[in-house]
S.K.: 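I have a structure here, written as structure tokens, and I will follow up with some questions on it.
For reference, positions follow the sequence shown, starting with 1.
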Amino acid sequence: MKIDQQIDIRMKARHMSIVELESKAGLKTHAVRNILRGKSKSPSAVNLQAIADALGCTVKDLLTTPEVLEDSMSMSLEEVLQATYTAYDKKGLFSEIVTVVNRLIQKQHKGLTVEQFLTCVKEVYLHSLQKDPTKVDKDFAEWFMGLMTE
């Protein structure tokens with residue numbers, strides 16, 4: 001499933017218009033429309049992150065075909081992020097992710113802003129929770145860091 005289809009399905013599931021999504025994501029007028037119409041072939045990682053946040057999913061959710069796309073998830077992204085830290089920090093996962101992201105930055109000799117660093121940590125954390133909450137998905141971390149530093 002293409003990114004435009006993912007965005008469209010998730011917008012419909014939330015009864016959200018293109019204008020509402022652009023507004024909620026803090027994007028310029030036509031940013032989402034251009035993605036949906038195929039005019040924007042390679043949207044930036046920053047725009048994808050803003051869209052994902054507004055739709056309550058991760059960037060990877062927008063870039064991959066989900067096994068099951070449910071209209072309502074058991075917990076929304078906001079609920080996960082607002083939950084008690086210890087409830088989701090399985091075996092020190094969060095601190096391990098911070099360490100992995102920091103090592104990747106040093107290994108790649110790339111400079112990230114604080115916002116980009118925190119976005120990487122958040123996305124890797126949420127993805128790892130979904131895949132296996134006991135360990136960091138290092139392949140995803142490397143892939144996502146590559147998006148952030150392009």
S.K.: Hey, what do you get for NZ (Lys2) to CD1 (Ile35), rounding to the nearest 0.5 Å?
M.R.: 14.0 Å
S.K.: Answer yes or no: is there a side-chain heavy-atom contact under 4.5 Å between Leu21 and Ile7?
M.R.: yes
S.K.: What's the shortest heavy-atom distance between Val100 and Ala141, and which atoms?
M.R.: CG1-CB, 4.2 Å
S.K.: Give the ring-plane orientation class for Trp143 versus Phe140, where under 30° counts as parallel, over 60° as perpendicular and anything between as tilted.
M.R.: tilted
S.K.: So, for Val32 and Glu22, which heavy atoms are closest and what is the spacing to 0.1 Å?
M.R.: N-OE2, 3.1 Å
S.K.: Roughly how far, to the nearest 0.5 Å, is CG of Leu126 from OG1 of Thr58?
M.R.: 7.0 Å
S.K.: Among all residues two or more places apart in sequence or in another chain, which pass the side chain to side chain contact (heavy atoms under 4.5 Å, CB included) test with Val98?
M.R.: Phe94, Phe117, Val121
S.K.: Residues in side-chain hydrogen bond (donor to acceptor under 3.5 Å, both in side chains) with Asp8, at least two apart?
M.R.: Lys12
S.K.: Going by side chain to side chain contact (heavy atoms under 4.5 Å, CB included), name the residues that satisfy it together with Thr113, two or more places apart in sequence or in a different chain.
M.R.: Glu115, Gln116
S.K.: Test of understanding: with side-chain hydrogen bond (donor to acceptor under 3.5 Å, both in side chains), list the residues that count as partners of Glu20, not counting sequence neighbours.
M.R.: Ser17
S.K.: Do the non-hydrogen side-chain atoms of Leu62 and Arg10 ever get within less than 4.5 Å of each other?
M.R.: yes
S.K.: Could you check whether any side-chain heavy atom of Met16 comes within less than 4.5 Å of a side-chain heavy atom of Leu55, counting everything from C-beta outward?
M.R.: yes
S.K.: Quick one: CG on Asn102 to CD1 on Ile97, what's the gap to the nearest 0.5 Å?
M.R.: 13.5 Å
S.K.: I'd like to check the side-chain hydrogen bond (donor to acceptor under 3.5 Å, both in side chains) partners of Arg33; sequence neighbours left out, ordered by chain and number.
M.R.: His30
S.K.: Is any side-chain heavy atom of Glu142 closer than 4.5 Å to a side-chain heavy atom of Leu104?
M.R.: yes
S.K.: Is there side-chain contact between Leu63 and Leu48, with heavy atoms separated by less than 4.5 Å?
M.R.: yes
S.K.: Using modelled atom types and a 3.5 Å cut-off, is there a donor and acceptor pairing between side-chain atoms of Glu123 and backbone atoms of Cys120?
M.R.: no
S.K.: Under a 4.5 Å cut-off applied to non-hydrogen side-chain atoms, are Leu36 and Ile18 in contact?
M.R.: yes
S.K.: Under the salt bridge (Lys or Arg N to Asp or Glu O under 4.0 Å) test, which residues partner Asp137, sequence neighbours left out?
M.R.: Lys131
S.K.: Would you please name every residue forming a side chain to side chain contact (heavy atoms under 4.5 Å, CB included) with Thr99, sequence neighbours left out?
M.R.: Arg103
S.K.: Does a side-chain heavy-atom distance below 4.5 Å link Val59 with Ile51?
M.R.: no
S.K.: Of all residues at least two apart in sequence or in a different chain, which pass the side chain to side chain contact (heavy atoms under 4.5 Å, CB included) check with Ala31?
M.R.: Leu27
S.K.: Yes or no on salt bridge (charged side-chain N to carboxylate O under 4.0 Å, His left out) for Lys39 and Asp4, after CA distance, side-chain angles and deciding distance?
M.R.: CA-CA 11 Å; Lys39 289 183 180 180; Asp4 58 329; over 6 Å; no
S.K.: Atom CZ in Phe144, atom CD in Gln49: separation rounded to 0.5 Å?
M.R.: 5.0 Å
S.K.: Measure from the side-chain N and O atoms of Ser128 to the backbone N and O of Val124, and report whether any donor-acceptor pair falls under 3.5 Å.
M.R.: yes
